[in-house]
There are 2 protein chains.
Amino acid sequence: MTDQSTNTEKIILEAARKVFIEKGKEGARMQEIADEAGINKALLHYYFRNKQRLFEAVFLEAFEKFLPQLKIVIESDKPFLEVIQLFIENYINVIIENPYLPGFILHELSSNPENLALLLQQRVNNMDILVDKINVEIQQGKIKPIDPRQIIINILGLCIFPFVARPIIQKVFFSGDELSYQQFLSDRKTEVYHFIYNSIKA
Amino acid sequence: MTDQSTNTEKIILEAARKVFIEKGKEGARMQEIADEAGINKALLHYYFRNKQRLFEAVFLEAFEKFLPQLKIVIESDKPFLEVIQLFIENYINVIIENPYLPGFILHELSSNPENLALLLQQRVNNMDILVDKINVEIQQGKIKPIDPRQIIINILGLCIFPFVARPIIQKVFFSGDELSYQQFLSDRKTEVYHFIYNSIKA
DNA sequence: TAAGAATTTAACCTTTTAGTTAATCTATTC
DNA sequence: GAATAGATTAACTAAAAGGTTAAATTCTTA
């Protein structure tokens, strides 16, 4: 693999990412990806064989980025509430940088859940560890007795939802204004933490 | 319009709803919708002219159902915390009955936000009223001083997210088991309320 | 620098898909 | 019960889209 081919591959992937995320797997057109990358359509097939493979390459990359850096949360020894403060800020920042990823991932997983098992196998099976951790804190009386799964899903939902529902939120609450919506997202980094804190702190 | 034609129209709409929701607008095939409805493909065009129109009919119907019965919240005179208890239970029940609607709506709005303005125009402009209501309760010291928009979006996100992220949640937290996932959703009706209550009650 | 390998393209091919047409079937009504 | 309007179908068309091929270009290296 020469420098040039590595470069071309990257250009294709970036173009494909853009088009797939904007239009979805089915809505995306190979020709449009080729145009976006400024190359011939046949070159897409030269590098990625077919649409399915190209899509998988893009999806996998996106999935890796979207997967919460749960390691931060799981591997840290600090109290849960401290760790999730870091996590929430960090996670919302990641999504602000890639605002369309969550919707893309969730939609493609919904319409094609078969591959999910494989994707998760070696990745997020340590969720049990996190659940145990929260249970310990509950037994220590630091956190209210709540199903840890409810807590985790609440945190993720509060972080992700504003991006998945972006158009409707931006329109209804901010009259379509970009800046105040961005400000709102930025505020969320502390708001979500306070929200969680108040609701689960014993 | 005869009885038969009304009936056929309904059958088509139901088939279209099923296929569009499962595959998305782009992924759906007119032939598949016709098969699902047990009719000839030409009949789809006879009743709905083209794919775009058929899709719009389905989408509009879905959007109406998905739009929170905000009237309950807005028109009631009871205290905010009481009203949202009713709202959350009711809303989650609606989504349990139509679990794929939220993902469908949000995805189609994301990839096609142009029509949103028209859709919302005569529908949810009374969000201001709700914001004002919350502000009053804050001034009365009943609720912690939080941006009302953050509160509203938190409530909606907590209700909707578990459905949008269904496959991943079901796999990660419930090993793919249907029953325990359903139980989890059912529990949420009270969990989400308590969560909100604890986090905003002054 | 010439041979050979890797990369890129223009022009095709094939299949799929939305949409059309003209004919058939089914009711209704005079 | 024939005429007519509405409902439904089989067969077809045109365009779009994914994918292929063989030739041209560029790069590498002996």
Side-chain angles (χ1 to χ4, degrees), chain A residues 1-62 104 107-108 110-112 114-115, chain B residues 1-62 104 107-108 110-112 114-115:
Chain A
M1 186 183 280
T2 65
D3 275 8
Q4 180 50 23
S5 77
T6 326
N7 190 36
T8 306
E9 203 169 312
K10 276 186 189 162
I11 290 174
I12 292 176
L13 271 176
E14 195 176 320
R17 192 183 318 133
K18 190 179 166 192
V19 176
F20 275 131
I21 286 178
E22 194 181 323
K23 305 278 174 73
K25 182 185 174 184
E26 301 295 339
R29 298 289 162 246
M30 293 297 269
Q31 187 58 58
E32 191 180 351
I33 294 173
D35 292 348
E36 179 72 35
I39 55 159
N40 187 288
K41 184 162 64 93
L43 208 52
L44 295 181
H45 294 86
Y46 177 76
Y47 278 96
F48 291 93
R49 201 121 126 216
N50 56 35
K51 191 183 182 182
Q52 178 64 25
R53 297 254 188 142
L54 178 54
F55 175 78
E56 278 165 14
V58 167
F59 183 82
L60 204 70
E61 218 181 59
F104 172 67
H107 174 253
E108 300 300 343
S110 286
S111 55
N112 228 326
E114 306 88 45
N115 320 310
Chain B
M1 187 181 281
T2 65
D3 274 6
Q4 180 50 23
S5 77
T6 326
N7 190 34
T8 307
E9 204 169 310
K10 276 185 190 164
I11 290 174
I12 291 177
L13 271 176
E14 195 175 320
R17 192 183 319 131
K18 190 180 167 193
V19 177
F20 275 132
I21 285 177
E22 194 180 322
K23 304 277 174 75
K25 182 186 175 185
E26 303 294 339
R29 298 288 162 247
M30 294 297 269
Q31 186 59 58
E32 193 180 350
I33 294 172
D35 291 348
E36 179 72 34
I39 56 160
N40 187 287
K41 184 164 64 90
L43 209 51
L44 295 182
H45 294 86
Y46 178 75
Y47 279 95
F48 291 93
R49 202 121 125 217
N50 55 37
K51 191 181 181 183
Q52 177 64 25
R53 298 254 188 141
L54 178 55
F55 175 78
E56 278 165 14
V58 168
F59 183 81
L60 203 72
E61 217 181 60
F104 173 67
H107 174 252
E108 300 301 342
S110 285
S111 54
N112 229 326
E114 306 89 44
N115 320 310

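Convention: sequence-line order gives letters A, B, ...; per-chain numbering from 1.
- Among the nucleotides D/dG18, C/dA18, D/dG6, the one closest to any side-chain atom of A/His45 is D/dG18.
- Whole-Å rounding puts the A/Ile33 CD1 to D/dG19 C1' distance at 14 Å.
- For B/Tyr47, the side-chain atoms get nearest to D/dT8 when compared with the rest of D/dT8, D/dG19, C/dG19.
- Side-chain atoms of A/Lys51 do not come within 3.5 Å of backbone N or O of A/Arg29 as any donor-acceptor pair.
- The CZ atom of B/Phe48 sits 16 Å away from the P atom of C/dT20 (whole-angstrom rounding).
- Picking from D/dT9, C/dG19, C/dT8 the nucleotide with the shortest atom distance to the side chain of B/Ile39 gives D/dT9.
- Between the C1' atom of D/dG19 and the CE atom of A/Met30 lies a distance of 8 Å, rounded to the nearest Å.
- As rounded to whole Å, 15 Å separates atom P of D/dG19 from atom CG of A/Asn40.
- Atom CZ in A/Arg29 sits about 15 Å away from atom P in C/dT16, given to the nearest Å.
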Item to check | side chain to side chain contact (heavy atoms under 4.5 Å, CB included) assessment of A/Tyr46 paired with A/Asn40 | outcome: CA-CA 10 Å; A/Tyr46 177 76; A/Asn40 187 288; over 6 Å; no
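- Between the base of C/dG19 and the side chain of B/Lys41 there is a donor-acceptor pair shorter than 3.5 Å.
- Atom pair A/Leu54:CG and D/dG18:P shows a separation of 11 Å (rounding to whole Å applied).
- Note: CD (B/Gln31) to C1' (C/dT15) measures 15 Å, nearest angstrom.
- Contact annotation for B/Ala34: no contact, since no heavy-atom pair falls under 4.0 Å across all strands.
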Next on the checklist: Strictly under 4.0 angstrom, non-hydrogen atoms only: write out the protein contact profile of nucleotides 21-26 of chain C, one letter per nucleotide from the 5' end, B, S or -.
Outcome noted: B-----
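- B/Asn50 comes within contact range of the sugar-phosphate backbone alone, with a heavy-atom separation under 4.0 Å but no base atom that close.
- A search for side chain to side chain donor-acceptor pair (under 3.5 Å) contacts involving A/Asn50 returns nothing, not counting sequence neighbours.
- Taking 4.0 Å as the cut-off between side-chain N and carboxylate O, B/Lys25 and B/Glu108 do not count as a salt-bridged pair.
- One interatomic measurement links the two molecules: CZ of A/Arg53 to P of D/dG18, which rounds to 17 Å at whole-angstrom precision.
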Next on the checklist: Please evaluate residues A/Glu26 and B/Lys23 with respect to the criterion salt bridge (charged side-chain N to carboxylate O under 4.0 Å, His left out), reporting the C-alpha separation (whole Å), side-chain torsions for both, the decisive distance (0.1 Å), and the verdict.
Outcome noted: CA-CA 9 Å; A/Glu26 301 295 339; B/Lys23 304 277 174 75; over 6 Å; no
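- Comparing D/dG19, D/dT9, C/dA18 by their nearest atom to the side chain of B/Leu43 picks out D/dT9.
- The side chain of A/Thr8 contributes no N or O atom lying less than 4.0 Å from OP1 or OP2 of C/dT7.
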